[in-house]
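A short write-up of the structure that comes next.
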Amino acid sequence: MARCSPPLLRRLFCRAAKSASAAGAGAGGTSKKNIVFLGSPQVAASVLETLLVASESPDSSFQVSAVVTQPPAAKNRGRKLMPSAVAQLALDRGFPGDLIFTPERAGEEAFLSDLKEVRPELCITAAYGNILPQRFLDIPPYGTVNIHPSLLPLYRGAAPVQRALQDGVEETGVSLAYTVRALDAGPVIASEKFAVDEYIKAPELLAILFNLGSKLLLHELPSILDGTAKEKAKPQDDSKITHAPKLNSDESWLSFNQEAKLLHNKLVNQNGEPDVLEIKVISTKACASCDKTGDGNEVLFSGNSLLIPCGGSSCLEVVELQLPGKKVTTARDFWNAGATQKPDLSFWRHRTREAMQ
């Protein structure tokens with residue numbers, strides 16, 4: 001995996017970049033502004049891909065000069081160290097390995113020194129997953145701009161999409177905002193709304209919002225790079241702030257004495273340890289009332305769904321589920337398989353709104 005290269009290599013890169021820019025200007029062209037991209041998961045990799053493609057255009061005003069991402073992490077059963085999705089994309093696209101930075105913390109002296117050598121004029125973040133200190137924010141003259149998957153100041157924090165779905169919102173969106181030391185509190189350059197239906201899942205919505213955010217970023221980049229975006233950016237209304245803290249494991253337990261609509265929308269805390277079969281609920285529907293009746297703690301089946309009695313005489317329709325160590329299956333296939341190990345419905349594991357990895 002790529003690591004921060006020695007300062008000498010970085011200086012050589014900068015001199016080469018400046019020479020190329022000077023040659024372009026001498027031929028009647030204009031030098032491209034250096035952008036550094038920071039991100040880690042797959043949704044961030046899609047943003048980087050958009051930037052790389054746009055930078056290759058003959059009339060592009062910028063180039064991606066470096067990539068910053070989380071260090072390699074142990075994944076899968078073999079616990080092998082694997083690069084982040086952003087690092088892997090950059091390598092696959094032929095990006096110089098010595099310009100892919102993977103600091104443990106964005107405030108490390110060696111990293112900040114290397115970043116200064118690249119001379120970024122703008123930094124762009126998308127689900128980077130690391131706190132940026134003021135010393136970092138002081139480096140790029142055009143600032144640092146973040147793609148945040150919510151309509152700021154709503155859902156500031158690590159899990160904006162998951163918390164919005166938990167709250168059953170009918171509308172969310174994506175914001176392009178300057179990064180300041182306070183969490184997700186910078187002036188908003190632009191935003192775009194997106195209607196949410198009750199069946200969309202967090203990974204799907206995340207992908208959609210970051211795709212919208214990529215397009216919004218490209219549209220706003222000219223004004224960001226000429227400085228006019230700072231003049232039009234609007235301060236957030238602190239009276240409307242809501243927070244979106246990271247989901248914890250306890251929130252994934254469902255308590256079926258709640259109404260089905262609440263269970264469908266959010267993860268419910270449940271104390272105690274399960275002593276029964278743990279099943280992951282992948283996708284659901286909510287019914288206001290049940291036509292079928294059972295003993296109150298019995299799995300029922302109708303159409304293509306398992307019916308779970310919930311509070312207020314409502315039912316949660318489970319459409320897809322996953323047994324331990326097995327692949328995701330439909331409720332019909334599960335029922336037809338005649339599973340003999342019937343779980344206690346008080347403790348089904350719900351992962352419909354999984355946290356972003």
Side-chain angles (χ1 to χ4, degrees), residues 1-5 10 13 17 32-73 75 82-103 106 111 114-115 118-132 136-137 139-140 142-149 158 160-161 174-179 189-190 192 203-222 224-225 356-357:
M1 178 59 202
R3 295 177 295 181
C4 296
S5 60
R10 185 71 65 249
F13 163 78
K32 293 186 175 184
K33 289 182 167 64
N34 287 335
I35 286 179
V36 170
F37 178 79
L38 299 90
S40 297
Q42 185 58 47
V43 288
S46 68
V47 178
L48 176 58
E49 174 70 14
T50 298
L51 284 172
L52 290 173
V53 170
S55 70
E56 294 166 356
S57 172
D59 59 352
S60 172
S61 62
F62 70 91
Q63 62 184 359
V64 180
S65 57
V67 170
V68 184
T69 188
Q70 293 279 14
K75 298 179 181 178
M82 301 290 290
S84 72
V86 162
Q88 189 61 58
L89 172 71
L91 292 170
D92 292 345
R93 291 284 261 100
F95 201 86
D98 62 316
L99 293 173
I100 301 174
F101 301 151
T102 59
F111 164 64
D114 283 337
L115 182 65
V118 178
R119 297 185 180 179
E121 290 167 275
L122 172 70
C123 290
I124 295 170
T125 61
Y128 171 43
N130 217 332
I131 296 175
L132 301 178
F136 176 102
L137 299 177
I139 293 175
Y142 289 100
T144 297
V145 172
N146 180 48
I147 298 176
H148 186 76
V161 167
V174 61
S175 300
L176 201 61
Y178 284 106
T179 300
I189 301 168
E192 186 166 341
E204 179 186 355
L205 183 53
L206 275 168
I208 291 172
L209 293 181
F210 275 101
N211 181 53
L212 290 175
S214 299
K215 296 176 181 177
L216 193 62
L217 174 64
L218 290 184
H219 182 267
E220 298 294 335
L221 261 180
I224 295 172
L225 292 173
M356 181 169 55
Q357 299 300 314

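Residue numbers count from 1 along this sequence.
Crowding of Leu218 atom CG: a count of heavy atoms from other residues, nucleotides or ligands under 6.0 Å exceeding 12.
Note: Thr144 OG1 to Leu122 CG = 7.0 Å, rounded to the nearest 0.5 Å. Within the model, atoms CD1 of Ile124 and CD1 of Ile35 stand 4.0 Å from one another, a figure rounded to the nearest 0.5 Å. Here CZ of Arg93 is found 4.5 Å from CD of Glu49. Values are rounded to the nearest 0.5 Å. Note that CD1 of Ile139 and CG of Leu115 are 4.5 Å apart. Values are rounded to the nearest 0.5 Å. Going from atom OH of Tyr128 over to atom CG of Leu38 covers 6.0 Å, rounded to the nearest 0.5 Å. Atom OG in Ser60 sits 10.5 Å away from atom NZ in Lys33 (nearest 0.5 Å).
Of all heavy-atom pairs between Val86 and Pro41, the closest is CG2-O, 3.8 Å. Across all their heavy atoms, Ala106 and Leu132 have their closest contact at CB-CD2, 3.8 Å. Val36 approaches Ser65 most closely through the heavy-atom pair CG2-OG, 3.8 Å.
The closest side-chain heavy-atom distance from Ser61 to Leu225 is below 4.5 Å.
A donor-acceptor pair is defined here as one N or O able to donate and one able to accept, closer than 3.5 Å; no such pair exists between the side chain of Ser57 and the backbone of Ala54. Glu192 places no side-chain N or O within 3.5 Å of a backbone atom of Leu212 that could act as its donor or acceptor partner.
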**Message:** Please evaluate residues Val68 and Asn130 with respect to the criterion side chain to side chain contact (heavy atoms under 4.5 Å, CB included), reporting the C-alpha separation (whole Å), side-chain torsions for both, the decisive distance (0.1 Å), and the verdict.
**Reply:** CA-CA 10 Å; Val68 184; Asn130 217 332; over 6 Å; no
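Classified by interplanar angle (parallel below 30°, tilted 30° to 60°, perpendicular above 60°), the ring pair Phe101/Phe111 is perpendicular.
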